[in-house]
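Single-structure report; data block below.
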Amino acid sequence: MTPPGVRLEAVGLLTGWGRGVAALPADACAAAAGRAVIPLARPQLDGQRFRRATRECLLGVAAVHAMLEDAGLDREAIRGPGTALVFVTAAAYGASNVEWLAGHAGTLHFPYTAPSVLPGEVAIEFGVTGPYVILIGGPTATVDGLWQAGRLVANAQCERALVLAVETFEECAALWRRARWTLPRPLVESAACALIGAGEVAATYSARAEASPLAREIEARAGQTLACAPLGALALARVAGASTALVSGMWRGRTAGVELAIAAQPARV
Amino acid sequence: MAIVAAGVVTPVGLDLDAFWSGLLAGADGLSAIERFPTGDLRVGRGGEIKKLPPVALPVRSRAAALLVAAAADLTARTPLDAAPERIGLVVGTALGGVEELEHALASDGGAHRALDGLYDSPAHALAAWLGVRGPVLTVSSACASGATALGVGADLLAEDAVDLVVAGGYDTLCRFVMRGFDALRSLTRDRVRPFDRRRTGLLLGEAAGLVLLARERDARGPRLGRLLGHGSASDASHVAAPDAEGRGLEAAIRAALVAGDTGVDDLDFVSAHGTGTVLNDRIETAVLKRVLGARADAVPVNSIKGALGHTMGAAATLEAIMCLLAARDGWVPPTVGYEEADPACDLDYVPAACRAMRPRRMLSTSLGFGGCNAALVLEGVA
């Protein structure tokens, strides 16, 4: 019988600062030294299949690879209908949209303007065919996504869930510059993936929440990573050896929080 | 979950009553697009709303204006009778505020104009218009968004995170998406003919549809019906085409039936995605035949995309509303454009005219870019 609870099994984090929590500076603002955007390079992934894939799609694939490495799992562990995929972004579709609007892109680029194509590429790459949810928004949407993932696992609609977030800014830097009064700097490109599995303790979701210490810490250390921030916060908690993590998000004046148990031992999914 | 009421704005009617009478009459909402230039496109027709209701006219973005128009129709039918912080909003969209992104790139407008291009902007504009202060979620599962939005809304209620949820979907007809589908050669120069032997493609449309969801025990007064279950699944086969076997769609349907505690023998009617493309309609028919089994010939299946065009993020919500209205009034709308049978599409597609029948339990199916599949199981009230 599936336990009613859930837990974080692993998390992969890539940011413009580098790989994982260890790459994060103590103070993102100081480390940015006035730069508005801290970019994340296009991952070099093998395969003819990726010839048309956008940078943000490849970042999604790379984040899942990073999570699998953290979990010590083979990619086969997440293949099939037992794995749900919850994807969240505030703006990763912006680059493809701007390219399409500019009129430089070929016909086959058009599907890549859809936010759903990034997780679609991830699903194809890893053979993930379970429940599928795509949310748009900043950190709050990722908290909602963690809740959705936990709900899917706890209700036995899947055995495990990936919560994937990707944010890119470079291609739309001019637009983000206009919004600088509403969003502090630096904007840090990121991709992160959490693996949620069955556990003993139910996740606690709140549709309104104060900013958690982890949320403040990830913003201070990573900068503005939008939808990736709650997953970065989970990475901080996991590296610190915490047994639970309360992560929160705020976006457009709305807050949400979720508390999750964290697996102490290697993933067992 | 109880579906208390609905509100819409569509090419065949600017409110729920006009929408419903238009569907029953077999109205054709597809016309030459007037709002933006289409001279450079192969196809310049679609389900365009020629004149928005007055309540929507002051709204800056067309996407938000469509949502406001549907919300005004909804709230005219039922009050949002809960504390603002206990009301959630979950809307689905394939395109979000992308037309505003185009405007933002073309101008040097300020921060607001730049942020309007984000796909969650219209939802937040609607939340402000409604005075909703609970969760505001935007789902973007391409053309399956409107179904998943209803499912996520039901989950918020089941979690007791809110007491009411306004849920649904929307999308606008704009040059961005017309150029895309035109380039992919997905648009037909003929009429939209779901499941017809002569079908050659889809036409796009714009619309918004919203429902008010409440927990069954909290719903007071009359209601439209119930959302019994929802399911979703990824194809993991292609970013733009459906899986050749329809495996993801089948998984989503079976998940929705399990969640809705509904057996195949309980289903009276299916509202299909039915885009009118050669591939979609053949695959969807094959999936429905596998799922329905021996009952496949006995369960009517329709598509309303021949009347509205493919309204993308709005489509699944409008189709769910259509199901509930069919159950309420005892009439199932026809599949507009369906005339000649295709051997590969051999179900009962409700041809020619609306049919007198009162379905009780119904299935609605949706697919979208990125391998998105979603299904809803609905129950009407007589």
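Note on naming: letters A, B, ... go to the chains in the order of the sequence lines (proteins, then strands), and numbering restarts at 1 for each one.
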For [X], I'd like to know if atom [atom1] has over 12 heavy atoms of other residues, nucleotides or ligands within 6.0 Å.
| X | atom1 | value |
| --- | --- | --- |
| B:D40 | CG | yes |
| A:E210 | CD | no |
| B:R247 | CZ | no |

At a 4.5 Å cut-off on heavy atoms, which part of [X] comes close to chain A: side chain, backbone, both, or neither?
| X | answer |
| --- | --- |
| B:L95 | neither |
| B:V162 | neither |
| B:A104 | both |
| B:V90 | neither |
| B:R179 | both |
| B:S237 | backbone |
| B:D235 | backbone |

Most contacts with chain A, counted as non-hydrogen pairs under 4.5 angstrom, among B:A158, B:G134, B:A233: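 The option with the most such pairs is B:A233.
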
Find the one option among B:S121, B:A106, B:G117 whose heavy-atom pairs under 4.5 Å with chain A are most numerous.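 Counting heavy-atom pairs under 4.5 Å, the top option is B:S121.
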
Could you measure the distance from the CD1 atom of A:I136 to the CG atom of B:D120? Nearest 0.5 Å is fine.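 Spacing of CD1 (A:I136) from CG (B:D120) equals 7.5 Å.
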
Check: B:Y119 and A:T89 side chains under 4.5 Å, non-hydrogen atoms: no

Would you please classify the geometry between the B:F181 ring and the A:F110 ring as parallel, tilted or perpendicular, with 30° and 60° separating the classes?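 Rings of A:F110 and B:F181: perpendicular, over 60°.
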
Can a salt bridge be assigned to the pair B:E85 and A:R208 using a cut-off of 4.0 Å between side-chain N and carboxylate O? no

